[in-house]
J.: 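Dropping a structure here in structure tokens format, bear with me for questions.
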Amino acid sequence: DAGVIQSPRHEVTEMGQEVTLRCKPISGHNSLFWYRQTMMRGLELLIYFNNNVPIDDSGMPEDRFSAKMPNASFSTLKIQPSEPRDSAVYFCASGTIIGTFDTGELFFGEGSRLTVL
Amino acid sequence: TQLLEQSPQFLSIQEGENLTVYCNSSSVFSSLQWYRQEPGEGPVLLVTVVTGGEVKKLKRLTFQFGDARKDSSLHITAAQPGDTGLYLCAVTSNTGKLIFGQGTTLQVKP
């Protein structure tokens, strides 16, 4: 299996531009998570999907952030407009949720490093 | 307030030394996971502990889940430079989210 695939690996953009990050989860997994990692705040959960349905988006910072999962093999995280404080590494992870209180093992992509100037 | 508190935040030791890192909470969890993240990569699962008091060993790494299932420790024996990385503990919240601690950054010098 190719693992979780994220693109782009690196993106540098200017403040105000739209940014779209993409993720292909591992085939057969029923959950997909988007995290953001910074030195200051660590690994923060932004949103997660179960069977393509958004379950909890309480970690999405503000309305500038949106995420979609149109099918089981693809998800996007969009930032519009982007701001310098959005600079971070964004990770996508997929897994199989075992139960309400057991997420199971998550498999992470290599991340998308975003720099907003 | 962090759900999970990890300590220490940073640790720099010489090859061959032993170390222990901690993951603490005031909440009870049905299970707890430990991940390791290397620079430029995503976290990778090391182990899941489920039962209070459980001890699991992975080569030179020993994981323990507290009796009350509120805390966990990771002990590394005879650390090697290849152990360098960010060690993260994680739990499933009551809303089904996998929440991570801030992590312990370990540097093992040759």
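All values reported here derive from a predicted model rather than from experimental measurement. Just so it is clear: chains get the letters A, B, ... in the order the sequence lines come, proteins before strands, and each one is counted from 1.
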J.: If we define contacts as heavy-atom pairs under 4.5 Å, which of G104(A), G95(A), C92(A) has the most with chain B?
T.: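 Top count of heavy-atom pairs under 4.5 Å with chain B: G104(A).
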J.: Do F108(A) and V89(A) share a hydrophobic cluster (ILVMFWY, side-chain heavy atoms under 4.5 Å, transitive)?
T.: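 Looking at the clustering, V89(A) is in the same group as F108(A).
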J.: Tell me, side chain or backbone of E41(B) under 4.5 Å from chain A's heavy atoms, or both, or neither?
T.: backbone
J.: Using heavy-atom distances under 4.5 Å, tell me whether E44(A) contacts chain B through its side chain, its backbone, both, or neither.
T.: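 For E44(A), neither part sits under 4.5 Å from chain B.
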J.: Where on R9(A) is there a heavy atom nearer than 4.5 Å to chain B: the side chain, the backbone, both, or neither?
T.: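 Looking at R9(A), just its side chain touches chain B.
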J.: Answer yes if Y22(B) and W34(B) sit in the same cluster of Ile, Leu, Val, Met, Phe, Trp and Tyr residues linked by side chain heavy atoms under 4.5 Å apart, and no otherwise.
T.: no
J.: Hydrophobic cluster membership, with links at side-chain heavy-atom distances under 4.5 Å among I/L/V/M/F/W/Y: are V108(B) and Y87(B) in one?
T.: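 They do share one cluster, since a chain of ILVMFWY contacts under 4.5 Å joins V108(B) to Y87(B).
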J.: If I compare all heavy atoms of S58(A) with all of K97(B), which pair ends up nearest, and what's the gap?
T.: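 Minimum heavy-atom contact is OG-NZ, 3.3 Å.
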J.: For K56(B), does the NZ atom sit with more than 12 other heavy atoms under 6.0 Å from it, leaving out its own atoms?
T.: yes
J.: Any chance CD of Q9(B) has more than 12 other-residue heavy atoms, nucleotides or ligands included, within less than 6.0 Å?
T.: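 No, CD of Q9(B) has 12 or fewer neighbouring heavy atoms, counting only those of other groups under 6.0 Å.
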J.: Identify which of F107(A), F91(A), Y48(A) forms the greatest number of heavy-atom pairs closer than 4.5 Å to chain B.
T.: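 That would be Y48(A).
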J.: Around atom CZ of R113(A), are there more than 12 heavy atoms of other residues, nucleotides or ligands at under 6.0 Å?
T.: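 No, not enclosed.
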J.: For Y35(B), is it the side chain, the backbone, both or neither that has a heavy atom under 4.5 Å from a heavy atom of chain A?
T.: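 For Y35(B), side-chain heavy atoms alone lie under 4.5 Å from chain A.
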J.: Go through the steps for Y35(A) and L98(B) under the test side chain to side chain contact (heavy atoms under 4.5 Å, CB included), then give the verdict.
T.: CA-CA 10 Å; Y35(A) 288 89; L98(B) 190 66; 3.4 Å; yes
J.: Name the option with the most non-hydrogen atom pairs under 4.5 Å to chain A; the candidates are G40(B), G42(B), P43(B).
T.: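 Maximum pair count with chain A is reached by P43(B).
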J.: Examine whether an atom of L45(A) lies under 4.5 Å from a heavy atom of chain B, and if so say whether it belongs to the side chain, the backbone or both; otherwise answer neither.
T.: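 The side chain, not the backbone.
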J.: Hey, what do you get for CD (Q37(A)) to CG (L88(B)), rounding to the nearest 0.5 Å?
T.: 7.0 Å
J.: Does CG in D63(A) sit with more than 12 non-hydrogen atoms of other residues, nucleotides or ligands closer than 6.0 Å?
T.: no
J.: When clusters are formed by joining ILVMFWY residues with side-chain heavy atoms under 4.5 Å apart, either directly or through shared neighbours, do V47(B) and L106(B) land in the same one?
T.: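 They do share one cluster, since a chain of ILVMFWY contacts under 4.5 Å joins V47(B) to L106(B).
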J.: List the atom of Q102(B), the atom of R41(A), and the distance in Å for their closest heavy-atom pair.
T.: OE1-O, 2.9 Å
